[in-house]
There are 2 protein chains.
Amino acid sequence: MAATTSSSPHSLFLQSPNRNHPFKANNFSSFTNLKIKTFSTRRTPMSITCASTAAAPIHTQIQNQEGDRVFNFAAGPATLPEKVLAKAQSELYNWHGSGMSVMEMSHRGKEFKSIIEKAESDLRTLLNIPQEYSVLFLQGGATTQFAAIPLNVCRPEDPVDFLVTGSWGDKAYKEAQKYCNPKVIWSGKTEKYTKIPSFEDLKQNPDAKFLHICANETIHGVEFKNYPTPNNATGLLIADMSSNFCSKPVDVSKFGIIYAGAQKNVGPSGVTIVIVRKDLIGNAQESTPLMLDYKIHDENNSLYNTPPCYCIYMCGLVFDYLLELGGLEEVEKMNRKKADLLYNAIDGSNGFYSCPVEKSVRSLMNVPFTLEKSELEAEFVKEAAKEQMVQLKGHRSVGGIRASIYNAMPLAGVEKLVAFMKDFQAKHG
Amino acid sequence: MAATTSSSPHSLFLQSPNRNHPFKANNFSSFTNLKIKTFSTRRTPMSITCASTAAAPIHTQIQNQEGDRVFNFAAGPATLPEKVLAKAQSELYNWHGSGMSVMEMSHRGKEFKSIIEKAESDLRTLLNIPQEYSVLFLQGGATTQFAAIPLNVCRPEDPVDFLVTGSWGDKAYKEAQKYCNPKVIWSGKTEKYTKIPSFEDLKQNPDAKFLHICANETIHGVEFKNYPTPNNATGLLIADMSSNFCSKPVDVSKFGIIYAGAQKNVGPSGVTIVIVRKDLIGNAQESTPLMLDYKIHDENNSLYNTPPCYCIYMCGLVFDYLLELGGLEEVEKMNRKKADLLYNAIDGSNGFYSCPVEKSVRSLMNVPFTLEKSELEAEFVKEAAKEQMVQLKGHRSVGGIRASIYNAMPLAGVEKLVAFMKDFQAKHG
């Protein structure tokens, strides 16, 4: 019975679509010429069992018997691709024979310059970023951008429109009040952030300097499937894409600024990526802290001060990996397959599980759901953890369960969760 | 001849004072039970040769023959302790059997909380930080603090005194002009930042809100050996200690705020440590970006938003390592020994090498020097690099040579540099 067995995420991972996209010889596959060790895993009824003794990743060579990986459903920082972690581990101490770790490199040295330049170039390829946009690697998370954006784009008196579909959009609105004249033109708060309005009904201010949205609300699991057309003076649409960045193709040219903390889909916490149209750079308010002024970072290719070098390096490994998976079209297919599997399990549970979010705007990244018998939710989380599926507790502000299934969550992780959910329902339904 | 041989920094490291401070069994020494592989290194006339085949660190097990480490004299990001890197590498993929990398951990999970709490606790032990001070792990580097400090401590009209002994103090002064009324009460600029004035002669403004210093100027190699007593209204002294943080004991109680980017002595770039007296928290100017307000970070133990988790983890490993070395008194002894060796070589070169900084204020961390025949400086840097001693070029704003010899630079690295300097002089003197 699934609830009483366990299996190795290492091996399960081999069942994921990733497997269909071999790595280049000069890249991740450079591990494969190392000796392979197999796991001793107990049998499980899941179809994935057979794979579990087929092979194990090379990094087991240096795991010091610390045990297998878990399936980590955290909302961020979140699970990273196993092959990216293995590569990072193999070169942590001495990067490409440079005699030093990436963590020790001068940010002005040729080694790190090659790292940040490749990271930017690969990201430009992934998102097909037009040349008239700058890519900045900054610090401080989306929360710092909540201030930086109005400081860079607005005068204090400028009106700005906010479309608030969850907690993060609301936080962006509140911070903007310090630096411009923002207005919430629609809020899903009264409906507990489960909807996105029809764009036709939006009462946009024609004088607004920009329209702001949060493309995916991490806490509430509400995701834009298409984007409103700003009918404001500047035609500027600005989006916080922290929790669905690089999870699917995006037409960057529709946006004035796209910003994202890395720690969901593309790297560790500590680096924030800002994709900004160049004509928006250079007009910051006088009181703008130097480090929040896009101009200084743009002029110095994100190297005005010491950037978060190792975090940028990790993002670069992830970008390279996503390209080798086939780019964002392929990544979106994988993400859709995982999300469909999970939402279908919820909707097919005869109400034992339910997702409050309107079907048309359900997130492919963050899947919040509740149990009909809410008193069972704590046990659900506890039992899942025993099965090596962790961080399933919903955000403290909304409760319930939340499964974050970002790019790096293997299909096998979702399959295992769904099997567990059915088993849990059979026991408690 | 030294200039024509090379040896392994791994083995040289064994000659450093660190060797006298064995690691706890449950800690760094956990590597020693792994199989040891030796290097094939060429003989060198230096006394350290014999050690070079005695042992090699275990991480050579997973180096994939990428070669030995170099001696990295970069000003920051800078060299990190080999044992810290080895430990980080060994647990990168699966931290303490948690089934995940530290990079993947929820910042609100028990695993990461244990990491950040131990890091703070160890730092408090190292610097003997009084309870009335908060320790914050932030982002954005010292440059962000140049704005955050006046925003948190001053009203716009408040006068503030700056004692400017190098480029960094000057940058702090310029940024402060946006948020308060700063004045430079002394500047070493006309003497090319080679001095620190006698504190008695300082004309402090009795109404100043604080007195600001940069405790060690990374570019100019000027370091405070003791500190001025503020005779301003609040008695507040604030210091940027980015480039000598944790390099020696400091009486924290003499300061209102101590801040430091981690990337010189205590970790990778991407985390900034702020030690702030609690009574200075909670009075930020209204226009302060939320992420620059100490209050929100203090109330949330640096976990209001997602912190740079992996960078904080690395700092924690370094703090633990420094404690095992015997604490900052021992660290200062090592740093003094290394600095004396290098300054004596410069002063004993009959003018072939010279350091412009007044002897009484020479930095133990950053050693800038020039060659009498300045046309030889480029060759010096090039030849040193051939000997695996890298990043010796002086800052672009001052030229010449700069050897940064932070905590993690082994004594053997300075010994090798000094041997090379004598050899270079013999060839070109």
Side-chain angles (χ1 to χ4, degrees), chain A residues 59 61-64 66-70 72 74-80 85-86 88-94 96-97 99-101 103-107 109 139-141 143-144 146-147 175 178 261 263 268-271 286-287 289-292 305-311 314 388 390-391, chain B residues 59 61-64 66-70 72 74-80 85-86 88-94 96-101 103-107 109 139-141 143-144 146-147 175 178 261 263 268-271 286-287 289-292 305-311 314 388 391:
Chain A
H59 34 67
Q61 299 284 319
I62 44 182
Q63 279 313 296
N64 306 331
E66 278 185 347
D68 296 351
R69 280 168 62 79
V70 294
N72 176 10
T79 191
L80 289 165
L85 289 172
Q89 182 170 42
S90 74
E91 59 192 28
L92 182 142
Y93 185 83
N94 186 347
H96 296 193
M100 61 182 86
S101 172
M103 288 186 245
E104 303 176 291
M105 289 177 182
S106 167
H107 55 298
Q139 296 183 64
T143 306
T144 299
F146 295 165
E175 182 75 350
K178 298 175 185 168
Q263 68 273 14
S269 60
V271 59
E286 277 186 12
S287 65
L290 189 63
M291 287 294 287
L292 271 62
N305 74 325
T306 316
C309 297
Y310 196 74
C311 300
M314 286 300 301
Q388 310 304 312
V390 302
Q391 293 293 330
Chain B
H59 34 69
Q61 299 284 318
I62 44 182
Q63 280 312 297
N64 307 332
E66 276 183 350
D68 298 350
R69 279 170 60 79
V70 295
N72 176 10
T79 191
L80 289 164
L85 288 172
Q89 181 170 42
S90 75
E91 59 193 26
L92 182 141
Y93 184 84
N94 186 346
H96 296 193
S98 63
M100 62 181 88
S101 172
M103 288 186 245
E104 303 176 292
M105 289 176 181
S106 167
H107 56 298
Q139 296 183 65
T143 306
T144 299
F146 296 164
E175 182 75 350
K178 298 175 186 169
Q263 69 272 16
S269 60
V271 58
E286 278 187 11
S287 66
L290 189 64
M291 289 293 288
L292 271 63
N305 73 324
T306 316
C309 297
Y310 197 74
C311 301
M314 287 300 301
Q388 310 304 313
Q391 293 292 334

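The model shown is predicted, which means the values in this text are computed figures rather than measured ones. Letters go in sequence order (proteins before strands), and every chain restarts at 1. Computation of the quantities below employed the complete heavy-atom set of this structure, encompassing side-chain atoms and omitting hydrogens, waters and symmetry-equivalent molecules.
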Problem set entry | Most chain A-contacting option - heavy-atom pairs closer than 4.5 Å, from B:Gly261, B:Ser106, B:Ser101, B:Gly76 | B:Ser106
Seminar exercise, completed: Greatest number of non-hydrogen atom pairs under 4.5 angstrom with chain B, of A:Val271, A:Val390, A:Leu290, falls to A:Leu290
For this session: Measure distances from A:Cys311 to the heavy atoms of chain B and classify the residue's part below 4.5 Å as side chain, backbone, both or neither.
Result: side chain
Exercise. What is the minimum heavy-atom distance between A:Gly140 and B:Asn305, and which atoms define it?
Worked result: O-ND2, 3.7 Å
Exercise. Are B:Leu292 and A:Pro289 close enough that some pair of their side-chain heavy atoms sits under 4.5 Å apart?
Worked result: yes
Exercise. Applying the side chain to side chain contact (heavy atoms under 4.5 Å, CB included) test to B:Glu104, which of A:Arg69, A:Gln391, A:Gln263 qualifies?
Worked result: A:Arg69
Seminar exercise, completed: If you tally heavy-atom pairs under 4.5 Å between each of A:Ala74, A:Ala75, A:Ala78 and chain B, the highest tally belongs to A:Ala78
Problem set entry | B:Pro77 side chain near A:Met103 side chain, heavy-atom distance below 4.5 Å | no
Seminar exercise, completed: CE of A:Met291 to OG1 of B:Thr144, rounded to nearest 0.5 Å, is 4.0 Å
Seminar exercise, completed: Between A:Asp68 and B:Asn94, the two heavy atoms sitting closest are O-ND2, 3.6 Å
For this session: Select one option (side chain, backbone, both, neither) describing which atoms of A:Met100 are under 4.5 Å from chain B's heavy atoms.
Result: both
